[in-house]
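Quick caveat: nothing in here was measured; it's all calculated off a predicted structure.
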2 protein chains.
Amino acid sequence: MAREHQATLHDVARTAGVSQATASRVLNGSIRNVRQENVDRVLAAAAELNYAPHLSAQAIARGSTNTVALVVSGVDDPYFASIAGGVTQAAEAAGLIVTMAVADRSPERELQIVRTLRGMRPRAIILTGSRIDGTDTRHALVEELDAYREAGGSVVLISQHDLPFRTVSIDNYGGARQLARALVGLGYRRFAMVRAGAGLRTSRDRCKGFVEGLSEFGIDIDERFVVEAEFSRRGGCAAARELVQRGLDGTELVFAVNDVMAIGVMTAFRDAGLVPGQDVAVAGFDDIGPAVDVDPALTSVTVPLRQVGVRAMQLALSDDDASRIVPVSTNVVLRGSTPGR
Amino acid sequence: MAREHQATLHDVARTAGVSQATASRVLNGSIRNVRQENVDRVLAAAAELNYAPHLSAQAIARGSTNTVALVVSGVDDPYFASIAGGVTQAAEAAGLIVTMAVADRSPERELQIVRTLRGMRPRAIILTGSRIDGTDTRHALVEELDAYREAGGSVVLISQHDLPFRTVSIDNYGGARQLARALVGLGYRRFAMVRAGAGLRTSRDRCKGFVEGLSEFGIDIDERFVVEAEFSRRGGCAAARELVQRGLDGTELVFAVNDVMAIGVMTAFRDAGLVPGQDVAVAGFDDIGPAVDVDPALTSVTVPLRQVGVRAMQLALSDDDASRIVPVSTNVVLRGSTPGR
DNA sequence: TTGAAAGCGATACCAA
DNA sequence: TTGGTATCGCTTTCAA
């Protein structure tokens with residue numbers, strides 16, 4: 001019973017008393033050109049030997065794989081988790097296997113990952129997460145992806161419409177701008193902003209949208225009330241502490257460029273004795289699941305994350321290069337963290 | 001420049017003016033048995049052609065891969081996300097690529113996934129998530145995994161110490177028992193419990209520990225106050241609503257078998273006009289990140305999820321079969337959701 | 001309907 | 001230190 005290697009097609013064929021070619025036909029290709037009797041024998045043999053086709057061998061023989069590569073910045077983050085969920089869902093529907101790698105927000109790591117992943121000859125490479133602009137690394141990345149695409153691979157970016165590849169583009173600018181309008185509508189006038197490093201495109205777009213939304217009403221944010229922090233819960237906490245230390249000085253609302261930061265902000269405020277939504281309002285972006293579990297529930301901008309993942313996968317698989325950019329719109333949701341004034 | 005296929009080793013060798021064997025040596029194996037001049041030529045050629053070794057071809061030639069397969073129940077869940085984070089971290093440290101599949105809590109799907117994954121000939125298959133006991137599917141799964149292992153593969157289970165494979169075993173029973181003790185210590189006497197379906201081992205163990213912990217003090221939970229629900233945030237919400245409808249009737253504390261459910265419970269209570277921690281205390285299990293972001297912060301049992309993932313990976317890679325079971329201990333953390341009475 | 005045999009892209013042994 | 005060549009597990013013509 002115990003063998004040192006997995007059963008091969010050869011084994012199956014021998015056990016079934018047919019040629020390897022026939023066994024191959026039964027187990028994969030055109031079953032209908034094989035006599036029923038042989039079909040049964042092969043199937044029986046395969047079951048008996050617990051045969052599982054060697055995917056690498058198939059890949060090499062066929063010249064293509066059933067693999068899709070997904071690169072995310074971090075799995076812990078619910079933002080990426082949701083997107084990953086959508087991607088895997090769509091991939092499984094298409095009979096594809098997803099290989100996921102985590103870049104941990106390092107461009108170098110991301111480049112290295114793409115290099116490795118390319119070796120798997122995946123049908124598609126999907127990149128998500130905001131990359132840093134203007135570095136050499138980025139140039140190298142584009143080159144790598146180009147080589148991959150020229151060889152017939154499909155590249156899809158999520159939320160990075162400035163690179164020459166297919167993209168699922170999230171309307172960060174527009175969403176933030178609408179959010180600003182809505183908040184002004186609620187009566188807010190004095191804002192603070194918590195953002196990530198200037199290199200992060202997503203953060204930049206959201207800030208820009210927010211600021212320009214405010215400026216429609218002649219409102220602007222003093223430099224003093226703009227804090228830069230890590231793109232994470234911890235970053236949000238740190239930023240809030242920083243704000244408190246600098247003196248809130250009448251600030252009515254803090255906009256954090258994403259929900260995890262916003263939630264961090266709320267927690268830190270509470271620790272500092274301020275009641276979020278009451279003493280100071282808070283708004284985020286993404287509308288991740290936990291946004292409704294905090295108290296008060298977090299005002300945010302809905303991004304259909306799971307759907308973004310699904311779309312990305314579909315875009316990766318589609319042939320026509322017409323729809324190079326798939327826009328995904330966003331939607332303001334006002335909740336308890338920003339009560340009307 | 002543009003070619004229809006990725007550059008092959010053959011291409012590189014020809015461009016460099018050396019044999020394929022030499023090129024192979026340079027790009028992978030023993031570089032030191034090659035004249036420096038040739039090393040340079042090959043490297044240059046590889047860079048020029050943007051060569052990326054065909055991993056499948058390597059796998060087939062070498063007879064082994066650099067792949068590790070990870071099966072989770074769902075990516076959206078922070079529980080799995082954290083574990084996945086740990087696994088990928090450890091895998092990357094070992095130079096391995098992680099392929100992740102999502103079983104969506106369906107045993108059939110899980111079986112199918114394992115079958116497919118086996119075809120990749122991964123170095124290890126790591127299974128996480130609580131499987132349903134006693135089904136045919138489970139039997140088939142064990143058979144599948146056995147075949148894989150007999151062929152030299154490494155199988156690691158997370159939190160399932162009842163199957164004949166290496167396991168990272170989380171002390172669900174003990175943690176829940178200690179939690180019960182601690183809560184009684186705080187003065188609580190009347191409990192309700194929110195659990196998942198009876199087939200889920202994790203849920204069962206936690207319930208058992210909790211119940212037995214209470215019984216040390218002669219306390220038990222009336223059937224009326226035990227609600228079964230989906231192992232998710234939504235399940236927690238539904239369960240809480242159910243409890244409210246049945247009548248809380250003096251219940252002082254609700255224990256949910258995991259944090260996502262507990263958070264759902266808190267939110268639903270609040271929607272029903274009850275203040276969590278004040279009108280009714282809530283405790284969970286896992287100590288996922290968001291546990292400290294809700295208000296009041298959630299009392300829970302810490303499970304070092306990320307570390308669990310790392311351990312699983314290490315266990316998968318270790319040779320000695322001595323330490324078949326790696327225990328991971330858990331720790332009670334009391335927070336605002338269970339104030340002393 | 002079937003089987004023999006030629007690849008697919010790499011590795012590694014054996015001679016040179 | 002090099003190159004020729006068998007080999008890995010499978011698919012896919014091409015003949016029979």
Mark yes or no for whether A:Tyr148, through its side chain, and A:Arg121, through its backbone, hold a donor-acceptor pair below 3.5 Å.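 Flag not set: sc A:Tyr148 to bb A:Arg121 has no pair under 3.5 Å.
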Kindly say whether A:Val18 contributes a backbone atom to a donor-acceptor pair with the side chain of A:Thr22 at under 3.5 angstrom?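 Such a contact is absent between A:Thr22 side chain and A:Val18 backbone.
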Figure out the [atom1]/[atom2] separation between [X] and [N], and round it to whole Å.
X	N	atom1	atom2	result
A:His5	D:dC10	NE2	C1'	14 Å
B:Ile60	D:dA6	CD1	P	18 Å
A:His10	D:dC10	NE2	P	11 Å
B:His54	C:dC8	NE2	C1'	8 Å
A:Met120	C:dA10	CE	P	15 Å
B:Glu37	D:dT2	CD	C1'	13 Å
B:Asn38	D:dG3	CG	P	7 Å
A:Asn33	D:dT11	CG	P	15 Å

Could you report the tightest heavy-atom contact between A:Ala147 and B:Asn50, atom names first, then the distance?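 Heavy-atom minimum between the residues: CB-ND2, 3.5 Å.
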Quick one: does B:Leu141's side chain get under 4.5 Å of B:Thr137's, heavy atoms only?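 Answer no - side chains too far apart.
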Working for side-chain hydrogen bond (donor to acceptor under 3.5 Å, both in side chains), residues A:Arg109 and A:Gln112: CA-CA 5 Å; A:Arg109 181 85 194 100; A:Gln112 188 199 339; 3.0 Å; yes
Between D:dG3 and B:Thr22, is there an OP1 or OP2 to side-chain N/O distance shorter than 4.0 Å?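 Checking D:dG3 against B:Thr22, a side-chain N or O does come within under 4.0 Å of OP1 or OP2.
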Distances under 3.5 Å between protein N/O atoms and the N/O atoms of nucleotides 11-15 of chain C, please, pair by pair.
{"from": "C:dT11", "atom 1": "OP1", "to": "B:Asn28", "atom 2": "ND2", "distance (Å)": "2.9"}
{"from": "C:dT11", "atom 1": "OP1", "to": "B:Gln58", "atom 2": "OE1", "distance (Å)": "3.1"}
{"from": "C:dT11", "atom 1": "OP2", "to": "B:Ser24", "atom 2": "OG", "distance (Å)": "2.4"}

NZ/NE/NH1/NH2 to OD/OE distance under 4.0 Å, B:Asp40 and B:Arg35: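 No salt bridge links B:Asp40 with B:Arg35.
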Please tell me which of the listed nucleotides, C:dA10, D:dG9, C:dG3, lies nearest to the side chain of A:Arg121?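 Looking only at heavy atoms from C-beta outward on A:Arg121, the closest nucleotide is C:dA10.
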